[in-house]
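Heads up: the structure comes next, in structure tokens.
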Amino acid sequence: MAVIHETPPPPAAAVQPRNSLGDRISRMLYARPKARLTGLLLLPLGWLGVLYIGSLILLFITAFWRTDSFTSKVIPAFTLENFIEIITVPAYQQTALRTIGIALAVTVLCAALALPLGLYMAKVASPKMRAALAIGITLPLWAGYLVKVFSWRITFSSGGPLDWLLAPLGLAGPGYGTAALIITLAYLWFPYMAVPVYNAFRQIPDSLFDASSDLGAKAWSTVWTVAVPLLKPAFVAGSIFTFSLSLGDYIAAQFVGGKTQVIGTVIASNINLNPPLAAAFGTVPILVVVLYLFLARKSGALKQL
Amino acid sequence: MRASTASLSPATEEPALSGDAISLSSVTKSFGEFTAVKDLDLDIRSGEFFSLLGPSGSGKTTVLRMVAGFEPVTSGTIKLHGTDVTSKAPFERDVNTVFQDYALFPHLTVAQNVGYGLKLRKTPKADRERRVAEALDMVRLPQVAGRLPSQLSGGQRQRIALARALILRPQVLLLDEPLGALDKQLREQMQIELKQIQREVGITFIFVTHDQEEALTLSDRVAVFNNGNIEQVGTPEDLYERPATRFVATFLGSTNLVEGELARQLTGTDSLVSIRPERIHLAAPGTPAPEGFSSVPATIEEIVYTGPTTRYVASTATGDRLIVQEQNDSRASAASRGDAVELQWPARFNFHVS
Amino acid sequence: MRASTASLSPATEEPALSGDAISLSSVTKSFGEFTAVKDLDLDIRSGEFFSLLGPSGSGKTTVLRMVAGFEPVTSGTIKLHGTDVTSKAPFERDVNTVFQDYALFPHLTVAQNVGYGLKLRKTPKADRERRVAEALDMVRLPQVAGRLPSQLSGGQRQRIALARALILRPQVLLLDEPLGALDKQLREQMQIELKQIQREVGITFIFVTHDQEEALTLSDRVAVFNNGNIEQVGTPEDLYERPATRFVATFLGSTNLVEGELARQLTGTDSLVSIRPERIHLAAPGTPAPEGFSSVPATIEEIVYTGPTTRYVASTATGDRLIVQEQNDSRASAASRGDAVELQWPARFNFHVS
Amino acid sequence: GCGGDASTSGSGTTGIQVPDLPMASEVGESEGQVNIIAWAGFVEDGSTNPDADWVSAFEEETKCQVNRKVGATSDEMVQLMRSGEYDLVSASGDASLRLIAGGDVAPINTELIPNFGNIVDGLKGQVYDTLNGKSYGVPIGRGANVLMYNTDHVAEAPDSWAPLWEEDTEYAGKTMAYDSPIYIADAAVYLMATQPDLGITNPYALDADQLAAAVELLKTQNGLVGEYWNDALKAVSSISSGTAHMGTGWQVIVNLAQGDGGKVESVLPKEGATGWSDTWMIAAEAKNPNCAYKWMDYASSAEVNAQISQNFGMAPANALACEGSDANAAHCETFHATDEEYYKQVWMWTTPVEQCVDGRTDVTCTNYQEWTKAWTEVKG
Amino acid sequence: MRLSASAKITLRVFAGLVMAAIYLPLLLVIANSFNATTSGAFPIQEFTTRWWVAAWHNEGVREALWTSLKVASVATVIALLLGSMVAFALSRYDFFGKNTINLLVVLPIALPGIVTGVALNNTFKTVLEPLGIGLGLFSVIVGHATFCIVMVFNNVQARLGRMNRGLEEAAMDMGANVVKTFFQVTFPGFRSAFVAGGLLAFALSFDEVVVTTFTAPPGTETLPIWIFNNMARPNQAPVVNVIAAVLIVASMIPVYLSQRLTGDDRK
Ligand SMILES: Nc1ncnc2c1ncn2[C@@H]1O[C@H](COP(=O)(O)OP(=O)(O)OP(=O)(O)O)[C@@H](O)[C@H]1O
Ligand SMILES: Nc1ncnc2c1ncn2[C@@H]1O[C@H](COP(=O)(O)OP(=O)(O)OP(=O)(O)O)[C@@H](O)[C@H]1O
Ligand SMILES: [Mg+2]
Ligand SMILES: [Mg+2]
């Protein structure tokens with residue numbers, strides 16, 4: 001049996017006692033994880049939790065106030081009138097429902113386009129093509145919101161580019177209206193859907209597709225039974241943007257919506273004249289979005305944004 | 001030599017399909033400039049447990065993927081039980097695959113995973129449920145039917161992947177390093193189960209691995225791959241005891257490769273000779289060599305205890321270093337570092353390799 | 001017993017530190033409800049190559065991380081060369097770590113990685129460069145100094161991680177499964193190099209692994225972990241030849257565990273007995289047992305050829321199944337399936353385990 | 001005045017209660033700056049278009065630096081004036097009454113504005129800027145909301161608003177209407193002509209029943225209209241491309257469309273029309289009253305008023321702005337600047353308030369807030 | 001996945017159509033900046049560079065651009081700071097209310113801009129103005145930073161999630177204190193995500209209309225607001241086309257940068 005170690009130790013290269021400011025801060029921080037966390041959260045929570053949420057609450061409180069009918073000045077006197085009004089006047093309900101419908105349609109349209117595009121980019125395209133397309137779908141994000149809305153306004157104009165393109169087929173564009181609005185919004189927010197879907201597609205191991213076809217599935221049934229369920233979180237993540245951005249938009253509606261009235265239009269047209277009513281109507285998208293986020297969080301999609 | 005006991009071949013016990021289950025003729029696969037598999041011929045018999053063994057990047061997976069139909073061949077033909085399937089899609093081939101990463105569908109339960117292939121074939125529900133239950137019984141995991149793959153351990157996942165592939169009763173099952181991701185204990189246990197299941201179902205297994213021990217213990221026959229070529233095909237004993245090339249000799253277990261002076265002393269020619277460390281034993285210096293034995297005087301340089309065996313590094317007068325492996329059984333020698341010894345082994349274990 | 005050859009101990013060659021490099025007294029670590037390490041006492045001597053061996057989740061990494069200071073202890077004290085460091089931050093402890101995934105800084109070159117610790121200590125540039133070059137020489141990679149870690153192979157990364165940790169000449173080096181990610185060939189080569197480097201620098205190595213072979217071949221002493229407890233501490237031979245518990249016996253190599261009737265025949269009591277497969281050899285039926293040998297008649301049930309060895313499964317009259325491992329050397333028996341044989345081994349290799 | 005009936009406009013007859021605020025008695029030293037909220041094109045320093053610059057000269061002359069914010073809608077202007085940041089606003093008729101009644105703007109001492117004398121008669125003393133005999137605004141210009149049509153699609157010049165309102169119109173889906181609650185007045189103007197028994201005498205004085213009738217008409221129109229517009233360019237592109245065949249518009253839109261080669265013409269239909277006139281108003285608590293007065297006078301000079309009105313595209317308020325050059329004269333011709341007969345048919349935007357501006361005292365009229373609500377309902 | 005040749009062709013054509021749909025409208029804007037008519041009539045009959053000359057001499061644009069740059073830069077810096085802090089807190093610590101904070105960060109981008117804008121406007125006017133902080137460049141920046149935080153947060157959090165904590169431990173193991181570890185190891189590790197998040201935040205702020213409308217004081221015009229105001233101004237509209245065309249072309253720069261950054265990560 002081996003005999004073990006009996007000679008004395010060589011002088012150990014002892015760690016020098018160090019005491020620079022950084023060291024002292026470090027030692028303090030290292031020992032106190034709670035303090036580190038507090039330090040990290042203090043500023044952001046002050047900003048978002050107090051300033052932002054505080055503002056929303058203040059706005060919410062305004063919704064219970066009245067406006068002087070003549071001067072349209074806000075009078076801080078409690079009333080439920082505004083809420084009663086948005087609940088009882090059919091125009092408000094219709095507008096809210098229409099806007100939600102438009103937002104859903106935009107989301108579905110984006111998802112329907114993102115799926116085959118994602119499939120192509122992630123699983124068919126050559127790496128070069130893939131990179132080019134990845135840039136291709138994100139570039140318009142930077143091109144300016146108004147620029148894009150405006151270009152669609154031109155596109156949908158009567159006798160404009162779309163009519164011109166469709167003329168040989170004996171068709172005409174939809175003209176300004178709800179359809180044009182949905183297309184424009186889908187165009188505006190498409191990258192927010194396409195990028196997560198594409199990334200999620202890339203993360204699905206090829207072996208799952210191989211396995212599916214090995215077990216007898218044809219390409220499209222593989223897409224439906226394997227890809228789509230696995231992409232669900234990405235679709236949900238993308239839809240948070242497509243849905244809530246569509247829900248709040250009113251400038252696009254103004255430009256290509258024809259006479260389509262959306263939630264944003266109503267808020268905007270009341271914000272100066274009757275702020276309490278605008279605030280009350282503003283709670284509609286807040287409720288819808290918060291509910292949507294809540295459901296999305298349940299599906300774990302928030303982590304994928 | 002104990003050829004008769006060399007492998008636990010099921011082929012002699014099960015009713016086997018006659019002829020070749022799979023036959024590849026001059027199959028080549030190129031990825032752009034790079035040729036991953038070169039002009040390969042390979043015949044695998046029905047009911048065989050056949051392994052593809054080779055280092056990383058040698059083309060094993062590529063061959064398997066071509067057989068399964070995931071990868072089109074560049075040239076050559078692939079036949080399955082005599083039928084040319086070269087241009088068939090995967091879902092048209094009667095082979096199934098167990099993937100290295102198992103490729104279980106994460107959104108489906110174990111039962112849904114296993115029943116996936118049957119569902120695609122529109123098997124009636126009752127029938128499907130019965131067969132899923134049977135398949136889960138076979139891999140001894142009836143209790144996990146309702147779980148998701150993420151709730152299973154590695155070994156369990158491996159078995160579910162197996163059940164999913166076997167439920168379709170393919171003629172050939174392809175397994176791509178199915179045990180690669182498991183830890184040692186689990187791997188050994190799964191090896192035993194795999195072998196048992198293959199015997200039970202009696203279908204052809206094509207098994208890819210880069211672990212030589214695994215290939216040797218499990219297979220009826222093994223093809224050793226190197227650089228997109230097959231170096232040698234044969235039974236485990238063929239390969240281990242009579243390696244045809246230096247590559248095969250070193251890739252399967254450790255070996256002493258001897259050249260020059262010492263090789264001349266041992267075999268009369270100075271071409272490369274391979275001697276397995278476990279063939280050599282230590283004798284007292286000057287012990288005369290028995291009839292038909294090679295004998296070389298040497299000095300013990302290093303001794304490494306590994307538990308069941310002890311490994312000695314011995315240097316000879318010719319300046320070669322030979323490794324000797326002795327089992328720590330009742331007959332183990334008790335040499336110490338620096339001892340002079342005589343290395344002796346039957347001369348028939350001197351193999352020329354190219 | 002060949003105690004003198006049991007380990008390649010550097011202790012007899014290098015000046016070793018007296019006393020304990022590290023000593024843990026009743027160290028406990030809980031993560032919430034779960035206790036990962038329970039009331040652990042452990043002393044590691046200066047200059048030792050000490051391994052922590054155990055299955056996944058047994059608490060090895062947790063112990064290492066507490067020693068390094070990454071994880072605060074729940075209770076207990078940790079001393080480094082007699083100084084209590086329990087509440088010191090990692091950057092205040094004179095130990096360095098080689099991480100399982102190497103944790104090389106991807107944005108720094110190899111030389112910058114290795115020199116990082118010296119730079120923090122404000123070592124003059126010339127001095128630093130010299131020592132970096134020395135360290136790279138030591139791990140035999142002087143040529144990669146200018147590369148980024150992403151441009152290195154797995155084995156090279158491992159050696160750079162080693163160089164980076166050793167350049168600070170810590171009193172203790174912690175290694176968390178440093179070879180776990182390497183393939184078999186490379187792992188074996190790196191084992192040899194690690195051992196050599198430890199001998200050269202002569203500092204204490206604490207080495208975490210779940211590979212028993214690795215632990216046995218490399219270590220001066222090994223602690224076997226199970227479930228947050230240490231089952232046994234000792235030299236490789238202690239552990240392999242004289243396992244204290246059933247867990248240690250089965251975790252270190254394969255073993256035959258015998259109870260009841262057969263145990264009574266062998267040892268007189270019917271408590272659990274462990275017999276290593278390689279200790280047993282096959283004799284012709286009826287061969288009388290030599291003095292001090294156990295002998296059991298049996299029938300060969302199964303034969304598995306593994307290359308260097310052949311494994312037999314033999315069933316005894318008592319209904320037990322014993323595994324026998326024979327090296328395929330010149331003296332190998334030639335038993336066939338179904339043969340009646342006599343299993344014989346020196347009775348001193350019958351060990352009671354609890 | 002509006003609708004040509006002087007008795008319904010002018011001082012104090014409506015009995016609207018307004019806060020009694022003092023007015024300036026003299027213009028003192030420059031404060032160094034003045035903050036103005038104005039329609040696009042009213043306050044230009046050459047930064048958007050080097051040819052349009054009348055601010056620089058003012059700054060030079062008075063040492064008052066001009067800070068401008070462009071207001072997009074009347075509502076926004078009202079809101080911004082209440083923030084107290086601004087000294088001056090270029091208020092349209094649908095904003096001015098609110099500002100006056102809310103005590104946000106002060107009466108103006110016209111004595112201190114020499115150029116006030118040259119304002120055309122038709123713009124003086126209107127109900128939307130003059131209350132209880134006090135003038136609250138200095139007129140800038142005016143324009144009518146005319147009927148535009150694209151001659152490619154409309155062969156014969158229409159003389160009535162009927163194609164925009166009547167269910168059987170051949171232009172269903174191809175018309176365009178203005179997008180603001182004040183557009184309810186356009187419906188009222190049409191109703192005045194087509195349904196006299198409703199008793200509407202002033203489109204800005206609608207009782208509940210009259211409003212309901214207007215809303216009814218507007219809802220009909222909603223089914224016919226192709227789109228609503230609220231910025232001029234949108235209207236230009238729609239009418240000149242033919243996306244809309246016909247619609248409510250401003251003269252300036254017609255001019256631009258023609259300039260682009262669009263085959264667009266306009267008429268003032270027989271039923272009359274609504275229109276707008278903008279005035280400078282000074283904040284009740286103006287921080288820079290002296291500069292504000294200086295600006296009001298400066299901007300009302302014939303020369304500057306001509307520039308503003310030509311840049312924006314409206315009839316100038318200063319009669320002299322039509323003289324001096326051929327361009328000035330041509331401009332005034334196009335915009336009917338001095339044609340009081342023309343503006344007699346035009347009902348200038350006025351904020352609807354509860355006290356009926358038509359003088360009725362037996363009913364309560366609907367206020368602008370109600371109009372806004374009604375407008376939301378119209379659009380659905 | 002092995003797809004049939006026809007399926008591949010269908011997908012390729014589909015991808016081509018999507019790309020065409022994305023880019024034709026943008027090309028249209030560029031083409032329109034040379035359209036001689038003021039309302040951008042189509043098809044274009046006559047080309048001119050007059051609007052480009054007009055845009056070049058337009059001081060308002062330059063001022064608005066400068067304002068936009070100021071606002072976007074400061075908002076980005078704030079978003080970088082706050083976004084990274086939240087990202088660190090959420091990815092490195094477990095604590096009660098973590099999910100709520102995650103939701104809180106996403107809220108400003110998910111809620112309609114008009115709600116955010118109106119709410120902030122209301123707060124500035126009723127609460128902060130009495131304290132001496134009225135609407136100003138600052139309020140615009142506050143508004144922008146609020147919804148930009150999420151961009152930085154998303155990027156940094158994703159990276160931190162993938163980052164090897166072992167690297168930080170290795171640095172401390174070598175003797176680096178907490179501060180040095182952060183700057184020498186942690187920060188280089190998420191730098192590219194940090195910059196990419198910053199770029200996104202900058203772009204978002206640079207493009208914002210609605211919140212700006214409600215938080216901007218008199219005389220403060222960002223580029224989008226300038227565009228918005230001038231789109232409605234008949235004589236200016238063609239100049240807007242020019243600015244839009246320039247913006248489209250200029251947008252290549254951040255895209256190129258962010259692509260290079262994310263490209264780096266894959267190495
Ligand atoms: N799709 C591909 N494109 C380009 N080269 C490929 C592709 N697939 C495999 N290769 C190359 O072909 C060679 C053989 O690969 P293969 O996967 O068959 O090796 P292998 O023997 O299975 O190795 P391993 O043990 O690492 O799995 C490798 O050099 C690999 O890089
Ligand atoms: N941060 C942690 N939080 C909760 N549990 C932990 C944490 N770290 C380790 N554990 C648990 O403590 C136990 C011991 O873990 P440890 O990493 O020490 O095991 P190990 O012996 O190193 O295993 P392996 O061989 O898999 O690395 C495991 O059950 C593990 O799940
Ligand atoms: Mg492979
Ligand atoms: Mg571990």
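Order of the sequence lines fixes the chain letters, A, B, ..., with proteins taken first and strands second; residue numbering starts at 1 for each chain.
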So does B/I203 get a backbone contact from the side chain of B/R169, meaning a donor-acceptor N/O pair under 3.5 Å?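 Side chain of B/R169 to backbone of B/I203: no pair is present.
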Test item: A/S239 side-chain N/O and A/T242 main-chain N/O as donor-acceptor pair under 3.5 Å: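 Between the backbone of A/T242 and the side chain of A/S239 there is no qualifying donor-acceptor contact (under 3.5 Å).
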Is there a side chain to side chain contact (heavy atoms under 4.5 Å, CB included) between B/T77 and B/V27? Walk through the geometry before answering. CA-CA 6 Å; B/T77 50; B/V27 167; over 6 Å; no
Which portion of [X] sits near chain A, non-hydrogen atoms under 4.5 angstrom:
X: B/L174; answer: neither
X: B/D101; answer: side chain
X: B/R121; answer: side chain
X: B/F105; answer: both

Quick one: are A/L113 and A/Y187 in side-chain contact, heavy atoms under 4.5 Å?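 In short, these two side chains do not touch, never coming nearer than 4.5 Å.
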